[in-house]
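This report refers to the structure that appears directly beneath it.
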Amino acid sequence: MIICGDRVSLRDFGLDDVEAVAAYACDPVVTSHHLVWGPHAGRQETASWLRETIAQASCASRQHFELAVVDNLSGGLVGGARVTVRNPVHRIGDIGYVLRQSQWGQGYGTEVARLLVRMGFWVLGLHRVEATCDPANVASRRVLEKVGMRPEGCMRENFWIRGSWRDSLLFAILEHEWQP
C-alpha cells in the first residue's frame with residue numbers, strides 16, 4: 001500500500017525500518033507527553049512491534065493500517081501513521097500519527113493527516129473519520145482543525161497513561177464535509 005502526497009508518502013512498514021522507527025519510538029520527548037504508548041525500551045521492542053505490524057498487514061480482512069511516513073525528497077522514514085476501521089457496518093474509522101521531533105512544525109503533520117483522511121474516505125469507504133489528541137497538544141489540535149475535523153468534545157479520563165488518567169479531545173469529519 002502506498003498513498004502519495006506532495007512532500008510525504010505513506011507505505012506499509014518493512015523489517016528494514018527498525019532503525020528509523022526506533023529513532024522516534026524510543027525518543028521520550030516524542031512519545032511521553034501526548035501518546036498513549038511508548039517510549040519503546042530499545043531496538044528490540046521496535047523490531048518486535050514491526051514484526052507484529054507486518055504480520056497484521058498481510059491479513060485478508062485488514063481493518064488496521066500502520067503505515068510508515070516517508071519524506072518524498074530524501075526517501076527517509078520520518079514517522080508513523082495509522083488508520084483503523086473501528087466499525088465496518090457504520091463505516092467509522094480513526095486516525096493517528098507520530099513524527100520525529102526534527103519534523104515538527106514544518107507542516108508534515110497536516111499533510112499526513114490529510115492523506116489519512118483521504119485514505120479513510122476514498123480507499124476504505126468510511127463515512128466518519130475520528131481522531132483524538134491530548135488537550136495539551138495544541139499543535140496536533142491545529143493539525144486536526146486544518147484538515148477539516150471538528151471538535152466534538154472532551155472524553156474525561158479515558159486513558160491511563162504512565163500512572164495518571166488523561167483526557168482526550170475528540171475530533172471528527174464526515175465524508176460529505178471532506179474537501180480534498
Side-chain angles (χ1 to χ4, degrees), residues 1-86 93-120 122-124 126 129-134 136-137 139-141 143-144 147 159-164 166 168:
M1 163 139 336
I2 298 177
I3 308 288
C4 296
D6 293 334
R7 297 189 306 154
V8 296
S9 296
L10 308 178
R11 64 160 171 80
D12 285 318
F13 282 103
L15 284 176
D16 56 343
D17 292 327
V18 173
E19 297 303 325
V21 173
Y24 67 82
C26 296
D27 183 344
V29 173
V30 171
T31 60
S32 294
H33 298 291
H34 305 300
L35 299 176
V36 298
W37 59 270
H40 285 183
R43 187 183 182 284
Q44 287 186 339
E45 184 177 354
T46 301
S48 176
W49 178 83
L50 274 173
R51 284 190 297 275
E52 289 174 28
T53 298
I54 292 165
Q56 288 174 358
S58 64
C59 181
S61 58
R62 188 174 180 188
Q63 301 289 302
H64 185 74
F65 299 80
E66 288 281 355
L67 303 167
V69 177
V70 178
D71 181 285
N72 290 341
L73 193 57
S74 70
L77 192 151
V78 296
R82 172 192 59 72
V83 178
T84 301
V85 179
R86 283 201 348 256
D94 62 70
I95 64 169
Y97 46 86
V98 59
L99 293 170
R100 283 182 165 189
Q101 194 178 166
S102 61
Q103 309 309 125
W104 293 357
Q106 299 177 44
Y108 287 104
T110 302
E111 184 171 351
V112 169
R114 275 195 186 104
L115 292 173
L116 293 170
V117 171
R118 183 176 85 188
M119 179 181 171
W122 291 0
V123 177
L124 301 175
L126 297 175
V129 175
E130 300 175 345
T132 61
C133 71
D134 185 306
N137 193 343
S140 195
R141 184 184 325 174
V143 163
L144 298 174
V147 301
F159 287 116
W160 179 257
I161 303 173
R162 291 175 275 290
S164 65
R166 301 266 185 97
S168 294

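Only this structure's heavy atoms are used, side chains among them; waters, hydrogens and symmetry mates stay out. In this text the structure is predicted, and so the values were computed from the model without any measurement.
Side-chain contact between V69 and L10 is present, with heavy atoms from C-beta onward closer than 4.5 Å. Contact check for D134 versus S140: no side-chain heavy atoms found under the 4.5 Å cut-off. The closest side-chain heavy-atom distance from Y24 to L77 is below 4.5 Å. You'll find the side chain of T110 reaches within 4.5 Å of the side chain of R114, heavy atoms only. Residues Q56 and R62 are not in side-chain contact: their nearest non-hydrogen atoms beyond the backbone lie 4.5 Å or more apart. Side-chain contact between V143 and V112 is absent, with no heavy-atom pair separated by less than 4.5 Å. Using a 4.5 Å heavy-atom threshold, the side chains of S164 and R166 count as touching. Side-chain contact between L124 and F65 is present, with heavy atoms from C-beta onward closer than 4.5 Å.
To the nearest 0.5 Å, the span separating OG1 on T53 from CG on D12 amounts to 10.0 Å. For the atom pair D94 CG and L116 CG, the distance stands at 10.5 Å (nearest 0.5 Å). Separating the CD atom in E45 from the CG atom in L50 is a distance of 11.0 Å, to the nearest 0.5 Å. With values rounded to the nearest 0.5 angstrom, Y97 atom OH is found 15.0 Å from L67 atom CG.
Of all the heavy atoms in S168 and T132, the pair that sits closest is CB-CB, 4.1 Å. Considering every non-hydrogen atom in both C4 and L115, the closest pair reads O-CD2, 3.7 Å. Taking every heavy atom of both residues into account, V8 and Y108 meet most closely at CG1-CD2, 3.3 Å. In terms of heavy-atom proximity, A55 sits nearest to S58 at O-OG, 2.8 Å. Taking every heavy atom of both residues into account, A131 and L144 meet most closely at CB-CD2, 3.7 Å. Summarising the geometry of H64 relative to E66, their closest heavy-atom pair is NE2-OE2, 3.0 Å, with the distance given to 0.1 Å.
Salt bridge annotation for R100-D71: absent, with no cationic side-chain nitrogen under 4.0 angstrom from a carboxylate oxygen.
Side-chain N or O atoms of R82 include one that pairs as donor or acceptor with a backbone N or O of I95 at under 3.5 Å. In terms of modelled atom types and a separation under 3.5 Å, the side chain of N72 and the main chain of S9 share a donor-acceptor contact. With hydrogens and angles ignored, the 3.5 Å screen pairs a side-chain donor or acceptor of E111 with a backbone N or O of R7.
Within 6.0 Å of CD in Q44 there are 12 or fewer heavy atoms belonging to other residues, nucleotides or ligands.
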